[in-house]
A.B. asks: 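Dumping the structure here so I can ask a few things about it.
For clarity, every value in this text was computed on a predicted model and none was experimentally measured.
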Amino acid sequence: MDNDLLTALFVGVPALAAIVGVLVARRRRPGSGSRPGAPDDAARAGRGGGAAETSGGAGTTTLERPPVAPGTTTAAEDLEVVPDLDEVVGFEVPAPAAGRLARLRDRLARSGSPLGTRLLAVLSRDHLSEDDWDELEETLLLADMGAGPAGELIDALRTQVRVQGVKDPAHVRALLREQLVALVDPTLDRSLATTPPSALAAAADDADEDADGAARPHVPAVVLVVGVNGTGKTTTVGKLARVLVAEGRTVVLGAADTFRAAAADQLETWGSRVGVPTVRSDRDGADPAAVAFDAVRTGVREQFDVVLVDTAGRLQNKAGLMDELGKITRVLTREAPLSEVLLVLDATTGQNGLNQAKVFAEVAGVTGIVLTKLDGTAKGGIVVAVQRQLGVPVKLVGLGEGPDDLAPFDPEDFVDGLLQV
């Protein structure tokens, strides 16, 4: 009997130790829990997996959340070995937006713009004759600067040269740079209004000694992105989401382009790379105003900082489509005010882009311009022309095909890039 008991103990104790070891290993294994200190889905806007449905004015929209990748742990003793956020959840970490235009200046210099190669070819001559001045003005016109700004620039340069007696091309080039920067107008406010209005109101209350101190409901910043087909709106929305994530904002995307089958999928792909959820319709051809409304409602309910709404490409001469855009803006403002209306323009379209801008400004109240395809365009002067026509600043520029090639617009860096300074 004693031998049987000893045998049982000899076999059973190691077996029990093995079972306990397996259970402990499973508890400590990456993927068995959530990352310490990670916020929940509602508070941090889409860090968890799954989808939530919400009903709008027509049909059903779905909040598509990026899945959480394995590799997390809950054990307090493992805090020191938890990897960085991008390694934990598999999301990309966008590059900071600051300094992008300067970093990508060489792309502007290689673009072959008349404001670059041609203009500098004239300015490199030993003396500037009357024909040279005419050639400079023609070059500015070819760059879509417009007759008014081009004439003003040439007159200012000629006056400076006459008064100062300057004939050195390098000095004339410096004067040209100064005048170009003035035309682009560095005094315009080019900041994006992406701070939630409720946060601004709370800050104002804190500064106001007479405020009652009552809690305000959360209101996100709502950014509507508009434009015609082919200008790169959906791509711009995706890149802008990356800019905002790099700044620490929580973002939700609204796929209100319900007429192009792949638009919602494309937008969702952009968002999933950086952990940003997308509100989309469950069927093609749904009411875009309803999808946009549901996106804003989601932003209010789950306390996102910014709601980015992508719209269908519209021709500015199609009255029905423009009326629909007006409907979207009216519906959105029932839930939250519009913080920004960004018009995406293809810089290669030149003066036709001005016609687009005028109509969109009337219908949607454009507050800022995003110029795409500046990396290979000969239309750099459109920056001056569109601002002069609308009084609306260029706030962002697209300088390439990379995911982080959307840059805040800086007048001096832009001019230096065109002049290859």
A.B. asks: Verify, without hydrogens or angle tests, whether His218 (side chain) and Glu302 (backbone) share a donor-acceptor contact under 3.5 angstrom.
C.D. replies: no
A.B. asks: Taking the side chain as C-beta and beyond, is there a heavy-atom pair between Val225 and Val309 under 4.5 Å?
C.D. replies: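 A side-chain contact under 4.5 Å is absent here.
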A.B. asks: Got Leu406 and Val370 here, is their nearest side-chain heavy-atom distance under 4.5 Å?
C.D. replies: yes
A.B. asks: Less than 4.5 Å apart, side chain to side chain, heavy atoms only: is that true for Val279 and Leu253?
C.D. replies: no
A.B. asks: Would you say the side chains of Asp305 and Thr250 form a donor-acceptor pair under 3.5 Å?
C.D. replies: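 There is such a pair between these side chains.
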A.B. asks: Compare all side-chain heavy atoms of Pro393 with those of Thr367 and state whether any distance is below 4.5 angstrom.
C.D. replies: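 They are not in side-chain contact.
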A.B. asks: Report yes if some heavy atom in the side chain of Leu308 is under 4.5 Å from a heavy atom in the side chain of Leu240; otherwise report no.
C.D. replies: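 In contact.
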A.B. asks: Whether the Arg249 and Thr195 side chains hold a donor-acceptor pair (N or O, under 3.5 Å, no angle test) is what I'd like checked.
C.D. replies: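 Present: a donor and an acceptor within the cut-off.
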A.B. asks: Would you check if the side chain of Arg242 reaches a backbone N or O of Val274 as a donor-acceptor pair within less than 3.5 Å?
C.D. replies: no
A.B. asks: So does Gly326 get a backbone contact from the side chain of Thr329, meaning a donor-acceptor N/O pair under 3.5 Å?
C.D. replies: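 Checking the backbone N and O of Gly326 against the side chain of Thr329, a donor-acceptor pair under 3.5 Å is found.
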A.B. asks: Between Thr231 (side chain) and Asp346 (backbone), is there a donor-acceptor pair under 3.5 Å?
C.D. replies: no
A.B. asks: Dump the intermediate steps for side-chain hydrogen bond (donor to acceptor under 3.5 Å, both in side chains) on Thr234 and Gln266, then the final yes or no.
C.D. replies: CA-CA 7 Å; Thr234 301; Gln266 182 183 357; 4.6 Å; no
A.B. asks: Look only at the side chain of Gln387 and the backbone of Val394, and say whether a donor-acceptor pair between them is shorter than 3.5 Å.
C.D. replies: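 At least one qualifying donor-acceptor pair exists.
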A.B. asks: Taking the side chain as everything from C-beta on, heavy atoms only, tell me whether Thr311 gets closer than 4.5 Å to Asp257.
C.D. replies: no
A.B. asks: For the pair Lys327 and Asp287, find out whether any cationic side-chain nitrogen is under 4.0 Å from an anionic carboxylate oxygen.
C.D. replies: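 Asp287 and Lys327: salt-bridged.
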